[in-house]
Engineer: 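Take a look at this one; I'll ask things after.
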Amino acid sequence: MTGPWAEWDHVLKVDPDKELHDDETFEDVAATGTDALEIGGTMDVTSEKMQRVVDACAAHDVPIYQEPSNPGVVIDHEALDGYLVPTVLNAGDPFWITGAHKEWARIDDDLDWENTHTEAYIVLNPDASVATYTEADCDLTAEEVASYAGVAERMFGQEIVYLEYSGTYGDSETVAAASEAVDDATLFYGGGIHGYESANEMGQYADTVVVGDLLHDEGVDAVAETVAGAKDA
Ligand SMILES: CC(C)=CCC/C(C)=C/CC/C(C)=C/CC/C(C)=C/COP(=O)(O)OP(=O)(O)O
Ligand SMILES: O=P(O)(O)OC[C@@H](O)CO
Ligand SMILES: [Mg+2]
């Protein structure tokens, strides 16, 4: 099975705990040309904030996926195309590998399995809140990251492998090594993308470039530059 992400060059991650830049709207967000919106963040996300953002995105013609950081923020919304649920391969606490997922399956008796997909995260910026939250071991060589990526695809059947440098620009040699290690899986790269050049560079190795903070900090014109960079790669 191959999902729609196989066609994505660019994903825009909207943090429900952060405001859009200036007076920008979700119509402006949709007009950036991104291939999909992922709604999620690590800290201070609630189901109410999730609901508000999905409501605001619903009228626009871009696929919308929720990326929950814990089972308590998952919402059911007709505008959602599905759920992209992280599993953190290098988490220090197994709760973030399979434990939260087990709890979700236990408490949700109407889980939408058909539209639920996993993202095999490898968290690589030790200063990001996601690294602290999951107690991730970020002290990995490029070879180890590539090995995790291969294991994700070959042993655990993961369709999305996500190199997560949230908040900082990553090491392109590491991304290149991970890219070599996967065959059919879609490689996501996220972290510190801030313009055409950085999106274009990481887009040479990753299948899909994820942009987050730039939307909230600089706005849609800057994001549109990253869409161009990812698409030209
Ligand atoms: C089983 C369910 C439904 C949920 C658990 C899913 C897991 C394992 C989550 C752990 C990893 C995680 C917190 C992912 C959230 C997505 C993410 C990394 C967002 C970016 O966060 P940051 O940019 O680091 O955080 P802030 O911007 O909020 O500081
Ligand atoms: O916020 P940035 O650094 O762009 O990172 C994007 C995304 O990978 C965060 O989960
Ligand atoms: Mg962030």
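Counting starts at 1 for both ligands and their atoms, following the listed order. Since we're looking at a predicted model, the values are computed, not measured.
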Engineer: Go through the side-chain N and O atoms of Asp55 and His77 and say whether any donor and acceptor fall under 3.5 Å apart.
Structural biologist: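 Result is yes, a qualifying pair exists.
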Engineer: Please work out which of Asp93, Ile39, Thr42, Asp17 has its closest non-hydrogen atom nearest to atom 17 (C) of ligand 1.
Structural biologist: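 Minimum heavy-atom distance to atom 17 (C) of ligand 1 goes to Thr42.
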Engineer: Using a 3.5 Å cut-off on N or O atoms only, is Asp213 in polar contact with ligand 2?
Structural biologist: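 Between Asp213 and ligand 2 (N or O atoms, distance only) the closest approach is under 3.5 Å.
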Engineer: Check each heavy atom of Trp104 against ligand 1 and say whether those closer than 4.0 Å belong to the side chain, the backbone, both or neither.
Structural biologist: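 Side chain only.
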Engineer: Out of all atoms in ligand 1, which are within 4.0 Å of some heavy atom of Glu67? Include the element for each.
Structural biologist: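 Near Glu67, the atoms of ligand 1 are 16 (C), 17 (C).
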Engineer: Mark up the atoms of ligand 1 that fall under 4.0 Å of a heavy atom belonging to Tyr121, in ascending order.
Structural biologist: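 Counting atoms of ligand 1 from 1, those under 4.0 Å from Tyr121 are 16 (C), 17 (C), 18 (C).
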Engineer: Looking only at heavy atoms of Pro86, does any of them come nearer than 4.0 Å to an atom of ligand 1?
Structural biologist: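 Yes, that is the case, since the closest heavy atom of the residue is under 4.0 Å from the ligand.
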Engineer: Quick check for you: to the nearest 0.5 Å, what is the distance between Glu164 atom CD and Asn90 atom CG?
Structural biologist: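 Between Glu164 CD and Asn90 CG, I get 10.5 Å after rounding to 0.5 Å.
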Engineer: Test Thr226 against every option in Glu197, Lys231, His194, His10 by the side-chain hydrogen bond (donor to acceptor under 3.5 Å, both in side chains) rule and name the one that passes.
Structural biologist: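 So, applying the side-chain hydrogen bond (donor to acceptor under 3.5 Å, both in side chains) to Thr226 and each of Glu197, Lys231, His194, His10, only His10 qualifies.
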Engineer: Show which atoms of ligand 2 fall inside a sub-4.0 Å distance from at least one heavy-atom site of Lys13.
Structural biologist: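 Atoms satisfying the 4.0 Å criterion: 9 (C), 10 (O).
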Engineer: Would you mind finding which of Ala91, Ala105, Ser69 brings a heavy atom closest to atom 9 (C) of ligand 1?
Structural biologist: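 It is Ser69 whose heavy atom sits nearest to atom 9 (C) of ligand 1.
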Engineer: Counting from 1, what ligand 1 atoms have a heavy atom of Ser129 closer than 4.0 Å?
Structural biologist: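 This gives 22 (P), 24 (O), 25 (O), 26 (P), 29 (O) as the contact atoms.
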Engineer: Of all the heavy atoms in Phe188, does at least one lie under 4.0 Å from an atom in ligand 2?
Structural biologist: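 The answer is no, since Phe188 has no heavy atom less than 4.0 Å from ligand 2.
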Engineer: Heavy-atom count check: over 12 atoms from other residues, nucleotides or ligands less than 6.0 Å from Glu103 CD?
Structural biologist: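 Counting neighbours around CD of Glu103, more than 12 heavy atoms of other residues, nucleotides or ligands fall under 6.0 Å, so yes.
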Engineer: Determine whether the side chains of Tyr162 and Glu67 contain a donor N or O and an acceptor N or O closer than 3.5 Å.
Structural biologist: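 On atom types as modelled, these side chains do not qualify, holding no pair under 3.5 Å.
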Engineer: Using a strict threshold of under 4.0 Å (side-chain N to carboxylate O), is an ion pair present between Lys49 and Asp44?
Structural biologist: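 A salt bridge is absent here (no side-chain N lies under 4.0 Å from a carboxylate O).
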Engineer: Is there a path from Tyr83 to Leu111 through hydrophobic residues (I, L, V, M, F, W, Y) whose side chains come within less than 4.5 Å of each other?
Structural biologist: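 Looking at the clustering, Leu111 is in the same group as Tyr83.
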Engineer: Quick one: which ligand 2 atoms are inside 4.0 Å of a heavy atom on Gly192?
Structural biologist: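 By the 4.0 Å cutoff, the relevant atoms are 2 (P), 3 (O), 4 (O).
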Engineer: Have a look at Glu38, Glu164, Lys18 and point out the one with the heavy atom closest to atom 9 (C) of ligand 2.
Structural biologist: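 Minimum heavy-atom distance to atom 9 (C) of ligand 2 goes to Glu164.
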Engineer: Below 3.5 angstrom, do we get any N/O pair linking Ser166 and ligand 2?
Structural biologist: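 No; the residue has no nitrogen or oxygen that sits under 3.5 Å from a nitrogen or oxygen of the ligand.
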Engineer: Do Leu12 and Leu20 sit in one hydrophobic cluster, given that two such residues count as connected whenever their side-chain heavy atoms are within less than 4.5 Å of each other, even indirectly?
Structural biologist: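 Linked, Leu12 and Leu20 end up in one cluster.
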Engineer: Taking atom CH2 of Trp5 and atom CG of Asp207, what is their separation to the nearest 0.5 Å?
Structural biologist: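 The CH2 atom of Trp5 sits 13.0 Å away from the CG atom of Asp207.
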Engineer: Does the side chain of Glu159 pick up a donor-acceptor pair with the side chain of Thr2 at under 3.5 Å?
Structural biologist: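 No, because no side-chain N or O of Glu159 sits under 3.5 Å from a partner of the opposite role on Thr2.
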Engineer: By number and element, which atoms of ligand 1 are closer than 4.0 Å to a non-hydrogen atom of Val85?
Structural biologist: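 Reading through ligand 1 atom by atom, the close ones are 1 (C), 2 (C).
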Engineer: CD of Glu27: more than 12 outside heavy atoms within 6.0 angstrom?
Structural biologist: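 Check fails, neighbour count at 12 or below.
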Engineer: Could you tell me whether some N/O pair between Tyr165 and ligand 2 is separated by less than 3.5 angstrom?
Structural biologist: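 The answer is no, given that Tyr165 and ligand 2 share no N or O pair closer than 3.5 Å.
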Engineer: For Val123, which part has a heavy atom under 4.0 Å from ligand 1: side chain, backbone, both, or neither?
Structural biologist: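 No part of Val123 comes within reach of ligand 1.
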Engineer: Find the distance between CG (Asn125) and OG (Ser166) and round it off to the nearest 0.5 Å.
Structural biologist: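 Asn125 atom CG to Ser166 atom OG measures 7.0 Å (nearest 0.5 Å).
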Engineer: If you measure every N/O of Tyr121 against every N/O of ligand 2, is any gap under 3.5 Å?
Structural biologist: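 No, no N or O pair falls under 3.5 Å.
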Engineer: Taking 4.0 angstrom as the limit and counting only heavy atoms of His101, give me the atoms of ligand 1 inside it, by number and element.
Structural biologist: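 Counting from 1, the qualifying ligand atoms are 1 (C), 8 (C).
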Engineer: Within ligand 2, which atoms have a heavy atom of Gly167 less than 4.0 Å away?
Structural biologist: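 Ligand 2 atoms under the 4.0 Å threshold to Gly167: 2 (P), 3 (O).
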Engineer: List every atom of ligand 1 that sits less than 4.0 Å from any heavy atom of Glu164, numbering the atoms from 1 in the order shown and giving each element.
Structural biologist: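 This gives 18 (C) as the contact atoms.
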Engineer: Could you tell me whether some N/O pair between Val210 and ligand 2 is separated by less than 3.5 angstrom?
Structural biologist: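 No: no nitrogen or oxygen of Val210 is under 3.5 Å from one in ligand 2.
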Engineer: When you compare ligand 1 with Ser166, is there at least one nitrogen or oxygen pair between them that comes in under 3.5 angstrom?
Structural biologist: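 In this structure, Ser166 places an N or O atom under 3.5 Å from an N or O of ligand 1.
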Engineer: Is it the case that the ring center of Tyr189 lies less than 6.0 angstrom away from the ring center of Tyr165?
Structural biologist: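 Yes.
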Engineer: Which of the atoms of ligand 2 are close to Gly191, meaning less than 4.0 Å from one of its heavy atoms?
Structural biologist: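 This gives 3 (O), 5 (O), 6 (C), 8 (O) as the contact atoms.
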Engineer: Can Asp108 and Asp110 be said to form a side chain to side chain contact (heavy atoms under 4.5 Å, CB included), step by step?
Structural biologist: CA-CA 5 Å; Asp108 189 336; Asp110 192 26; 4.0 Å; yes
Engineer: Count I, L, V, M, F, W, Y as connected when their side-chain heavy atoms are under 4.5 Å apart, and connections chain through other members. Are Val209 and Val182 then in the same cluster?
Structural biologist: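 Same cluster: Val209 reaches Val182 through Ile, Leu, Val, Met, Phe, Trp or Tyr contacts under 4.5 Å.
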Engineer: What do the steps show when you test Thr116 against Trp104 for side chain to side chain contact (heavy atoms under 4.5 Å, CB included), and what is the final call?
Structural biologist: CA-CA 12 Å; Thr116 296; Trp104 187 30; 3.8 Å; yes
Engineer: Hey, is Glu103 one of the residues with a heavy atom under 4.0 angstrom from ligand 1?
Structural biologist: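 No, Glu103 has no heavy atom closer than 4.0 Å to ligand 1.
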Engineer: Could you establish whether Gly212 and ligand 1 come within less than 4.0 Å of each other, counting only heavy atoms on the residue side?
Structural biologist: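 So Gly212 does not count as touching ligand 1.
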Engineer: Quick one: do Val151 and Phe188 end up in the same hydrophobic cluster if we chain Ile, Leu, Val, Met, Phe, Trp and Tyr together by side-chain heavy atoms under 4.5 Å apart?
Structural biologist: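 In one cluster with Val151: Phe188, no.
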Engineer: Are Phe156 and Phe95 linked, directly or through other ILVMFWY residues, by side chains that come within less than 4.5 angstrom of each other?
Structural biologist: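 No, no single cluster joins them.
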Engineer: Within ligand 1, which atoms have a heavy atom of Val130 less than 4.0 Å away?
Structural biologist: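 Under 4.0 Å from Val130, ligand 1 has these atoms: 11 (C), 12 (C), 13 (C), 18 (C), 24 (O).
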Engineer: Under 4.0 Å from ligand 1, counting heavy atoms only, is it the side chain of Tyr133, its backbone, both or neither?
Structural biologist: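 Side chain only; the backbone of Tyr133 stays clear of ligand 1.
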Engineer: Roughly how far apart are Asp17 CG and Thr46 OG1, rounded to 0.5 Å?
Structural biologist: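 One finds 8.0 Å between CG of Asp17 and OG1 of Thr46.
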Engineer: So if I count the atoms of ligand 1 from 1 in the order they appear, which ones are less than 4.0 Å from some heavy atom of Ala100?
Structural biologist: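 Within the 4.0 Å cut-off of Ala100, ligand 1 contributes 1 (C), 5 (C).
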Engineer: Provide the number and element of each atom of ligand 2 under 4.0 Å from a heavy atom of Gly190.
Structural biologist: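 That gives atoms 8 (O) of ligand 2.
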Engineer: For ligand 1, indicate whether the residue Asn70 contacts it via side chain, backbone, both or neither (heavy-atom separation under 4.0 Å).
Structural biologist: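 Backbone only.
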Engineer: Check if Phe95 has a non-hydrogen atom at a distance under 4.0 Å from any atom of ligand 1.
Structural biologist: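 It does not, in that no heavy atom of Phe95 comes within the 4.0 Å cut-off of ligand 1.
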Engineer: Using a 4.0 Å heavy-atom threshold (strictly under), name the region of Asp15 that reaches ligand 1: side chain, backbone, both or neither.
Structural biologist: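 Within the 4.0 Å criterion, Asp15 contacts ligand 1 through side-chain atoms alone.
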Engineer: For the 3.5 Å polar cut-off, considering only N or O atoms, please tell me whether Gly212 and ligand 2 meet it.
Structural biologist: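 Between Gly212 and ligand 2 (N or O atoms, distance only) the closest approach is under 3.5 Å.
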Engineer: Between CG of Asp171 and OG1 of Thr141, what distance do you get to the nearest 0.5 Å?
Structural biologist: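 The OG1 atom of Thr141 is 10.5 Å from CG of Asp171, to the nearest 0.5 Å.
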Engineer: Tell me, please: is Gly40 in heavy-atom contact with ligand 1, that is, under 4.0 Å?
Structural biologist: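 Outside the 4.0 Å threshold, so no.
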Engineer: Side chain or backbone, does Ala128 bring an N or O within less than 3.5 Å of an N or O on ligand 1?
Structural biologist: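 Such a contact does not occur with ligand 1.
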Engineer: Please check whether Leu214 reaches ligand 2 - meaning an N/O of the residue sits under 3.5 Å from an N/O of the ligand, judged on distance alone.
Structural biologist: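 N/O-N/O distance below 3.5 Å does not exist for this pair.
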